[in-house]
Undergrad: 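Encoded as structure tokens, here's the structure I'll be asking about.
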There are 2 protein chains.
Amino acid sequence: MAEQPKQGQPRPIPPRRPLTLRDVSEKSGVSEMTVSRVLRNRGDVSEPTRQKVLLAARELGYVPNRIAGALASQRVNLVGVVIPSLSNQVFPEVLQGISDVLEESGLQPVIGVTRYSQAREEEVLYEMLSWRPSGIIVAGLEHSEASRAMLAAAGIPVVEIMDVNGTPVDSMVGISHDLAGRRMAEAILKAGYRRIGFLGTKMPDDHRARKRMEGFEAALRDAGLAVQARDFYDGGSALQKGREMTAALLKSHPDLDFIYCSNDMIGAGGLLHCLEQGMDVPGEIGLAGFNAIDLIQGLPRRLATMDSCRREIGRRAAEIITAARSGKALSRQVIELEPAILPGDTIRRA
Amino acid sequence: MAEQPKQGQPRPIPPRRPLTLRDVSEKSGVSEMTVSRVLRNRGDVSEPTRQKVLLAARELGYVPNRIAGALASQRVNLVGVVIPSLSNQVFPEVLQGISDVLEESGLQPVIGVTRYSQAREEEVLYEMLSWRPSGIIVAGLEHSEASRAMLAAAGIPVVEIMDVNGTPVDSMVGISHDLAGRRMAEAILKAGYRRIGFLGTKMPDDHRARKRMEGFEAALRDAGLAVQARDFYDGGSALQKGREMTAALLKSHPDLDFIYCSNDMIGAGGLLHCLEQGMDVPGEIGLAGFNAIDLIQGLPRRLATMDSCRREIGRRAAEIITAARSGKALSRQVIELEPAILPGDTIRRA
DNA sequence: ATGAAAGCGCTAACAA
DNA sequence: TTGTTAGCGCTTTCAT
């Protein structure tokens, strides 16, 4: 049963058992404990010993086993991040903000995707909490009872992000989507538009889009007006849907003078349609979206939109986690950011 | 030192120690071992016992500790996925394919982002391997020596994806970007275009974009032609950059009759520019991109492009991992997918 | 069908 | 500065 290096054979995956600290200890002639100290830069180790250990570890190709480490130390450098989708353009940017901050603290984001389903969210949270992360960042304030219970009982910082219209389990960082809708409505009314349509997503669980719409309608009501026409989409290319829905809306309601879209992609599609029809934008018809995504920079007109502060939200949320971890026992923070209106070229200047 | 609920104070993080199997065991009056069996659906447990345990676990809000479980069982339901970026539209779709397949097998993807840096990739891989995942999926074939060594020594299935122009550490699933560039060049030449320009990304480490360009140029050379003009971009809105770079390219080389872009966003920007200038697309000038992203469905013309098979690549890669895990000891698979040309409306019909 | 004992690979706490 | 000991919370294995 002696090991027999077969030369000339394509090297198979090494059947070796994974290396342990003990292997490094034996190879370097230093105790496991000291090896552990060197590998974690902890405690005082003499420079010669340090070098011996480092060399042995490198030569063996040792990769520490964090599972054992985490169990022994009761510390995990993981932060759970739970978001509805990765294909939404918006969430990767939040993630960017999060990982920018976490990286500095040696924390690692672990991403879970819920597909806008509370049931799936519950599963994802359960799965994440079972790894005993140092904190959880989760999009939105609407969760199942079980999810809220898990989060509250986890004994770690929990930050709910993107939205502040509701009651958080622990901390929250976001914008008021109700206010965002209202503000946009006010800007539109101030610019003189009166016959207003709405295009949105059908997603029954996109609570933030819903809140924007509700805020928008509330502001119109305050001015004695109402949305004249609306339509909702579900799936497919948002740009194409924006085109089609705008075309349909203007056909059934030719007198509309503004269309408020629940996101920039829909708005961009609408804008392309209107321009191709030779309509005067923003004179004859105005348009607005939401999010301020990068894309709108390249459109024929800069679509009016609102900054959703995604990156900043990510940064702030991550900072709450890192602060809590380094002992600054605060928690229960509530941070409301101010979404700015970017009027672009698709709303008449007042 | 009695606990003293301070009312009116913001509730601090619950100081309770996390629950363990023992807590469930005590509450249910069943041994830890049997509790463990129930919670994992393993072995034979009588129905009454089962119910007792489940009830106790639910009432306590017990979440198992996977760290301990993984250490004891030497099994981890994690699969590392290492990609260059999340903001590229393309990678989230690969991820979608991956998680569709993994989900069925109870495996969980863990995402790492390299920002197109090999040094960062090395760190990310080290970090991931330290969690002893059941497999690793990594984008691209170009890695540092240390990364390749780590992957080879990890003793788990490794799948390199997106590209097949190179030698994998273990398995690979992707398309030939060299071939993709060639095929597009051939289609363009066949349609009668001769004065061809190129717009790409500056990213020095986007090897796949580079290989496409090289294949493209090789095919032109075979036809006795060469790229007449080229430009590269870096950062910012790709749509806007596509616009600007196309404008600049056509200004300095007004006789170009085709522009091949290294991705659809650049191509879309170019298309919008050309149409706004009143140019005849595809008669006067043709355009093509790469990836077949959703967005192009909503453009004024369907941009010519090539399907990069992202979803399928993700699925196949994940299947290799799940197959290896369920004992079907294969490994070392090489799967080359065929990228189809989608001529759209921006290449003249032959 | 259920339980008891051993130990996964590492680190905290203490000893030398 | 270095080493020893005793677990971390669970699962494997074997006994009952």
Side-chain angles (χ1 to χ4, degrees), chain A residues 16-54 56-57 60-78 106 126-127 129-134 154-155, chain B residues 16-54 56-57 60 62-78 106 127 129-134 154-155:
Chain A
R16 287 189 281 99
R17 102 191 125 57
L19 297 165
T20 69
L21 263 190
R22 164 169 234 110
D23 296 301
V24 183
S25 167
E26 282 170 2
K27 169 136 187 158
S28 63
V30 174
S31 78
E32 285 187 44
M33 195 56 234
T34 300
V35 172
S36 169
R37 285 193 181 101
V38 171
L39 264 26
R40 288 177 299 141
N41 293 312
R42 279 277 159 67
D44 298 310
V45 179
S46 73
E47 193 52 27
T49 311
R50 218 180 93 78
Q51 292 304 335
K52 255 192 299 185
V53 170
L54 253 20
L60 288 170
Y62 173 69
V63 177
N65 184 334
R66 294 238 180 197
I67 296 173
L71 183 63
S73 67
Q74 309 279 49
R75 306 166 52 75
V76 180
N77 69 336
L78 263 24
Y126 186 81
E127 196 68 25
L129 291 175
S130 76
W131 287 100
R132 301 290 189 263
S134 290
Chain B
R16 287 189 283 97
R17 107 191 121 56
L19 298 165
T20 68
L21 262 191
R22 162 170 234 111
D23 296 300
V24 182
S25 166
E26 282 170 2
K27 169 135 186 157
S28 63
V30 175
S31 77
E32 283 187 46
M33 194 54 238
T34 301
V35 172
S36 169
R37 285 193 182 100
V38 172
L39 264 25
R40 288 176 300 141
N41 293 311
R42 279 276 158 69
D44 298 309
V45 180
S46 72
E47 194 52 29
T49 311
R50 218 179 93 79
Q51 292 305 334
K52 255 193 299 186
V53 169
L54 254 19
L60 289 171
Y62 172 70
V63 177
N65 184 334
R66 295 241 178 195
I67 295 174
L71 183 64
S73 66
Q74 309 280 50
R75 306 166 53 75
V76 180
N77 69 337
L78 263 25
E127 195 68 26
L129 290 175
S130 76
W131 287 100
R132 301 290 188 265
S134 290

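Every heavy atom of this structure was used, including side-chain atoms; hydrogens, water molecules and symmetry mates were not. Since the structure is predicted, the reported quantities are computational estimates derived from the model, not experimental observations. In what follows, chains carry the letters A, B, and so on, assigned in the order in which the sequence lines appear, proteins first and then strands, with residues in each chain numbered from 1.
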Undergrad: Applying side-chain contact (heavy atoms from CB on, under 4.5 Å), name anything that partners A:Ser46, two or more places apart in sequence or on another chain.
TA: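 Residues passing side-chain contact (heavy atoms from CB on, under 4.5 Å) with A:Ser46: A:Pro48, A:Thr49.
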
Undergrad: End-to-end bend of the helix from C:dA1-D:dT16 to C:dA16-D:dT1 (five-pair axes, 10° rounding)?
TA: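 Rounded to the nearest 10 degrees, the bend comes out at 30°.
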
Undergrad: Can you list everything that forms a salt bridge (charged side-chain N to carboxylate O under 4.0 Å, His left out) with A:Arg66? Sequence neighbours excluded, please.
TA: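 Result, salt bridge (charged side-chain N to carboxylate O under 4.0 Å, His left out) vs A:Arg66: B:Glu127.
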
Undergrad: Could you work out, with salt bridge (charged side-chain N to carboxylate O under 4.0 Å, His left out) as the rule, every residue matching B:Lys52, not counting sequence neighbours?
TA: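 Residues passing salt bridge (charged side-chain N to carboxylate O under 4.0 Å, His left out) with B:Lys52: none at all.
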
Undergrad: Holding to side-chain contact (heavy atoms from CB on, under 4.5 Å), I want the full list of residues that pass it with A:Ser36, two or more places apart in sequence or in another chain.
TA: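 Listed in chain order: A:Leu21, A:Met33, A:Arg40.
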
Undergrad: Which two nucleotides bound the region of DNA chain C that has atoms under 4.0 Å from heavy atoms of chain B, read 5' to 3'?
TA: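 Endpoints of the contacted stretch of DNA chain C: C:dA1 to C:dG9.
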
Undergrad: Restricting to side-chain contact (heavy atoms from CB on, under 4.5 Å), what partner residues turn up for A:Arg50, sequence neighbours left out?
TA: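 Only A:Val38, A:Asn41, A:Val45, A:Glu47, A:Leu54 meet the side-chain contact (heavy atoms from CB on, under 4.5 Å) criterion with A:Arg50.
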
Undergrad: Which residues in residues 40-50 of chain B have a heavy atom closer than 4.0 Å to any atom of DNA chain C?
TA: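 Those residues whose heavy atoms fall under 4.0 Å from DNA chain C, taken from residues 40-50 of chain B in numerical order, are B:Asp44, B:Val45, B:Ser46, B:Thr49.
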
Undergrad: In chain order, what residues pass the side chain to side chain donor-acceptor pair (under 3.5 Å) check against B:Ser73, with sequence neighbours excluded?
TA: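 B:Ser73 satisfies side chain to side chain donor-acceptor pair (under 3.5 Å) with no other residue.
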
Undergrad: Please produce a list of atom pairs where a protein N or O lies less than 3.5 Å from an N or O of nucleotides 4-6 of chain D.
TA:
none

Undergrad: Near DNA chain C, under 4.0 Å by heavy atom, which residues of residues 63-73 of chain B?
TA: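 The stretch gives B:Leu71, B:Ala72 as the residues lying under 4.0 Å from the strand, ordered by number.
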
Undergrad: For A:Ala72, what residues pass the side-chain contact (heavy atoms from CB on, under 4.5 Å) criterion, not counting sequence neighbours?
TA: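 For A:Ala72, no residue satisfies side-chain contact (heavy atoms from CB on, under 4.5 Å) once neighbours in sequence are set aside.
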
